[in-house]
Amino acid sequence: MELTGAEILVRCLKEEGVKHVFGYPGGAVLNIYDTLNAQEDVDHILVRHEQGATHAADGYARATGKPGVVLVTSGPGATNAVTGIATAFMDSIPMVIITGQVPTHAIGSDAFQEVDAIGITRPCVKHNFLVKDVSDLALTIKKAFHVATTGRPGPVVVDVPKDVTIARYPFEYPKKIEMRSYKPASKGHTGQIRKAMDMILEARKPMIYSGGGVVLDKSHEVFTEFCRLLGYPVTNTLMGLGAFPGSDPQFVGMLGMHGTYEANMGMHHCDVLIAIGARFDDRVTGNIEKFCPHARIVHIDIDPASIAKTVKVDVPIVGAVGPVLKQMNRMLRESERKPDEQALREWWKQMEEWRATDCLRYDRSSKRIKPQYVMEELYRITGGKAYVTSDVGQHQMWAAQFYKFDLPNRWINSGGLGTMGFGLPAALGVKLALPDEEVVCVTGEASIIMCIQELSTALQYGLPVKVINLNNGYMGMVRQWQEFFFQKRYSMSYMEALPDFVKLAESFGHVGMKIEKPGDVTGALEEAMAMKDRLVFMDFITDPEENVYPMIPAGAGQNEMILV
Amino acid sequence: MRHILSILLENESGALSRVAGLFSARGYNIESLTVAPTEDPSLSRMTLVTSGSDEVIEQIMKQVNKLIDVVKLVLLTESDHIERELMLVKTQARGEAREEVKRLADIFRARIIDVDEGTYTVEVTGTGQKLDAFLQAVGEVNVIEVVRTGLSGIGRGDNALRA
Ligand SMILES: Cc1cc2nc3c(=O)[nH]c(=O)nc-3n(C[C@H](O)[C@H](O)[C@H](O)COP(=O)(O)OP(=O)(O)OC[C@H]3O[C@@H](n4cnc5c(N)ncnc54)[C@H](O)[C@@H]3O)c2cc1C
Ligand SMILES: Cc1ncc(C[n+]2csc(CCOP(=O)(O)OP(=O)(O)O)c2C)c(N)n1
Ligand SMILES: [Mg+2]
C-alpha cells in the first residue's frame, strides 16, 4: 500500500519506538501535523519556542539514553532550533531533528520561509540529510537514528521538503542498516589494553578522570567496578558526574575550573592519568602547557578525534567504555599483580591532606541565603535521588558541587556550549520521560528568562517540575569574572527590571514562592516538594555577591586555584 | 609540512562542502582541492593538499575520517606516490615571445593547444614544481592567464585506494 511521505515519516518514528516528539507547527510541516493528529502511537508535545523543543528532547535523551525527537517547520522554525542542536552536539547527545523545507522545486529560489537548513546546521550536527525524494524517506530516517545513537552520539537533522511529505510511496521500514562510510569502533585493541594495564598497575600516584562518555555508554557499573578494583582516586568532569557515586570517599569531586582542590591537585601531581570518556576540555585542563606535568596518560575514547586533540597521550585506546573496561576488569581480577599498596596509601594520605582544606566551605552564619546552602538542603531533602537540570552560570556550578550525584543521568546540564535557557525545557523533557521521578531545575534569574515561555508547556502537559531560581540579581558568573579580572567594573551584568517571579509563575497557572531568609529555606523546599502535582517556582533571594570557589583563572595551571 | 590527502567519499550533494566546511571551521588550510566521480559513480575521489605539524595532520585525518560521507582516506605523502597537476596558460606570442614560448613548451613537454596572432594557450602537466618552473621560465611579462586544476595523486605500484 502506498502512503504519503508524512505517513511514512510518522510510521518510521513508531518503528523506532519513539513515544514523544517535541515540536511546533508551520506551513512546511502541515501535512506531517495532519498525520500526527490522526494516530495515537506518537505523542506530540507542543512547546512555545523551537529552542524549547530541542532542549526538551535533549533532556529527555540525557535522562533516558534514548534519542530525543524534534519536529519544526522550515525557515524560522529551523533557525530557532539551531541553539538546541548545537547544545546537543557539543555534549554528544543523540537527537533526531526533522525540519520542514520548502518544496523541492522551490529550493534555492528564496521561497517563503526558506533557509538552507542543511548548510546552517552542518557545523553543529553529527550528520544531516536532505530528503529529495519520497522513495528515500524511510531509509534516511533509519540512517538518521542509526547515526544519532551509535558511536559517539550526536544530533542528526533530516530536512524534509513539503512535496516529499505529500508524495506517495510504498512503506517498508528497513530492519538493518549498513553504511560503508560509517562504522564506529566498539572493542578496544587488546595489545593497547595490555599496555595500558601495565602502566596503570605501575602507578604510584594514579588518578582516574572520567567524563560524559561513561554516562553516554551507560557503563557506570563497569566503571565503578574498575575504580573499586584499583582503589585509585576518582574525579569526574562536569559531564561525568554520577558515573561514580558522588557521596563515596573514593570520589574526590569534580575537577577543572571550578573543581575541588583535591581533584585538581591530584591531577597536577599524579604520575599516571587514566582518562575515560573525557575530552580534555579547556575548562578541565586549564593551561595546557602546565597540565599534568608528571603524568603518563592512558585515554579510552570511542572517538579517535578526541584522543590527542589537545593533550598528547601515551596509550590511546579507541573503543567504547563498557567493552574496554570489562576486559580490564577481567584482567585485574585474574592478575597476580596488584597496585602498590604502600604507594597508594601515601597517595591517599596526600589526598586527605588536600581534602582537609575544605575548599567548598562557605559562610554558614550569613544573614543572607547562601546559594550553596540551598543546594545542600535540596540534596538532603530529595535524598540525592532527584533529576537535576540546570541553566548556565554560578548556580550551575553550585549545583554540580553540592548535589552529590550517586547515579548517572541525574545531572542534566549544558556543559560544552553553556546554553542559558536550557534548564527549564530540559526539565520538562525529563519529567515527561520519567513522570514518577522528582525533577528539579536549578536556574538563575537571567537564564530562566531565556526560555520562560515553556512554563506554558508545563501547564498544558501537567509537568510538575520544581524550579529553583537562585536569584542573585546578577549574571553572577559574568559578575564574578568582572570582579576578579576587571576590577569590579560590572558592565551589563546587573539584572535590572526583573519580573515578580511569584506573580509570573502564577500567571502561567503555577505556584510561586519567594524565599528571603536562610531560616525559611528548608521549610519552603519541603513544602514545594510535597506539592507533587504542581509546578512550583521558588524564587530564592540569595547573597548577590557570592562567588564560586575554587577557581582556576584563565591561563593558569590546575595547581593554581583561587581559593575561598 | 605539506601533505596530500586522498579521500574517497559518497558522491552526494553536499559531501564536498562538508570537507571544505570542516577545514574552514577548524582553521586548517587548504592549498588545493580537486574532486570528481570515480569508476564507481556512487563515489567521488578528492585530493586535498594541506600543511601543518604532525599533530595537526593527525587531527585533520581523524576529523575528515569522522565525516559520515567519507568512506576512506589515506595520506598519500606517507608512502610512494605520483603527483600530477594540469595547467592551462595563455601567453603572449608576439615578437620574440612567439619563438621563445614554443621552445619552452618543447622543453617542458607542454602542448600548445590554441594559437592566434597574439597569443598561445599552452597545456602543461606535471608536479606543482614543474608548473611553477614553466611559469617562471615564460616570465611574468608574457603570462596573461593561468588556470591550474590543483593536484591529483595516486599511490605507486599496487598501492590502491578503493572502497
Ligand atoms: C559555566 C561553565 C563552567 C564549567 N566548568 C567546568 C569545570 O569546572 N569542570 C569541568 O569538568 N567542566 C566544566 N564545564 C564543562 C566543560 O565546558 C565541558 O563541557 C566538559 O568539561 C566536557 O566534559 P567531558 O570531558 O566529560 O566531555 P563530554 O563533552 O561529555 O564528551 C564525552 C567524551 O566521551 C566520548 N564518548 C562518548 N561516548 C563514548 C563511549 N560510548 N565510549 C567511550 N567514549 C565515549 C566522546 O567521544 C567525548 O570525547 C563548564 C561549563 C560551563 C558552562
Ligand atoms: C545564551 C547565552 N548567552 C550568554 C551566555 C554567557 N553567560 C554565561 S553565565 C551568564 C550569566 C548567567 O546569569 P544567571 O542565570 O543569573 O546565573 P548566575 O550566574 O547568576 O547564577 C552569562 C550571560 C551564555 N552562557 N549563554
Ligand atoms: Mg543570577
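So you know, we letter chains A, B, ... as the sequences are listed, proteins then strands, and number each from 1.
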_Region of B/Glu55 in contact with chain A, defined by heavy-atom distances below 4.5 Å_ = side chain
*Within a radius of less than 6.0 Å around NZ of A/Lys142, do more than 12 heavy atoms belonging to other residues, nucleotides or ligands occur?*
yes
*Which atom of A/Ser181 lies closest to which atom of B/Val71, heavy atoms considered*: CB-CG2, 3.7 Å
*Region of A/Lys312 in contact with chain B, defined by heavy-atom distances below 4.5 Å*: side chain
*asked:* Which heavy atom of A/Arg122 sits nearest to which heavy atom of B/Gly14, and what is that distance?
replied: NE-O, 4.5 Å
*Where on A/Asn128 is there a heavy atom nearer than 4.5 Å to chain B: the side chain, the backbone, both, or neither?*
both
*Counting only heavy atoms not in A/His189, do more than 12 fall under 6.0 Å of its NE2?*
no
*Straight-line distance of A/Tyr182 OH to B/Glu10 CD, nearest 0.5 Å*: 14.5 Å
*Heavy-atom proximity to chain B below 4.5 Å, by part of A/Lys183*: neither
*Taking every non-hydrogen atom, the tightest pair across A/Ala308 and B/Glu58*: CB-OE2, 4.2 Å
*Atom NZ of B/Lys102 with >12 non-hydrogen neighbours under 6.0 angstrom*: no
*Should we say atom CG of B/Asp116 is surrounded by more than 12 heavy atoms from elsewhere, each under 6.0 Å from it?*
yes
*Take atom NZ in A/Lys132; do more than 12 heavy atoms of anything else shown fall under 6.0 Å from it?*
no
*Below 4.5 Å, heavy atoms only, C-beta onward: do B/Lys62 and A/Asp303 meet side chain to side chain?*
no
*Measure A/Ile307 against the heavy atoms of chain B and call it side chain, backbone, both or neither at under 4.5 Å.*
both
*State whether the number of non-hydrogen atoms from other residues, nucleotides or ligands found under 6.0 Å of A/Lys195 atom NZ is greater than 12.*
no
*asked:* What part of A/Pro123 gets within 4.5 angstrom of chain B, counting heavy atoms only: side chain, backbone, both, or neither?
replied: neither
*asked:* Let's go through A/Arg180 and B/Ser42 carefully: what are the C-alpha distance in whole Å and the side-chain angles of both, what is the deciding distance for side-chain contact (heavy atoms from CB on, under 4.5 Å) to 0.1 Å, and is it a yes or a no?
replied: CA-CA 12 Å; A/Arg180 62 179 169 185; B/Ser42 70; 2.9 Å; yes
*Using a cut-off of 6.0 Å, state whether more than 12 heavy atoms not belonging to B/Arg109 lie near its atom CZ.*
no
*Pick whichever of B/Ser17, B/Ala25, B/Ser13, B/Gly21 has the most heavy-atom pairs under 4.5 Å with chain A.*
B/Ser17
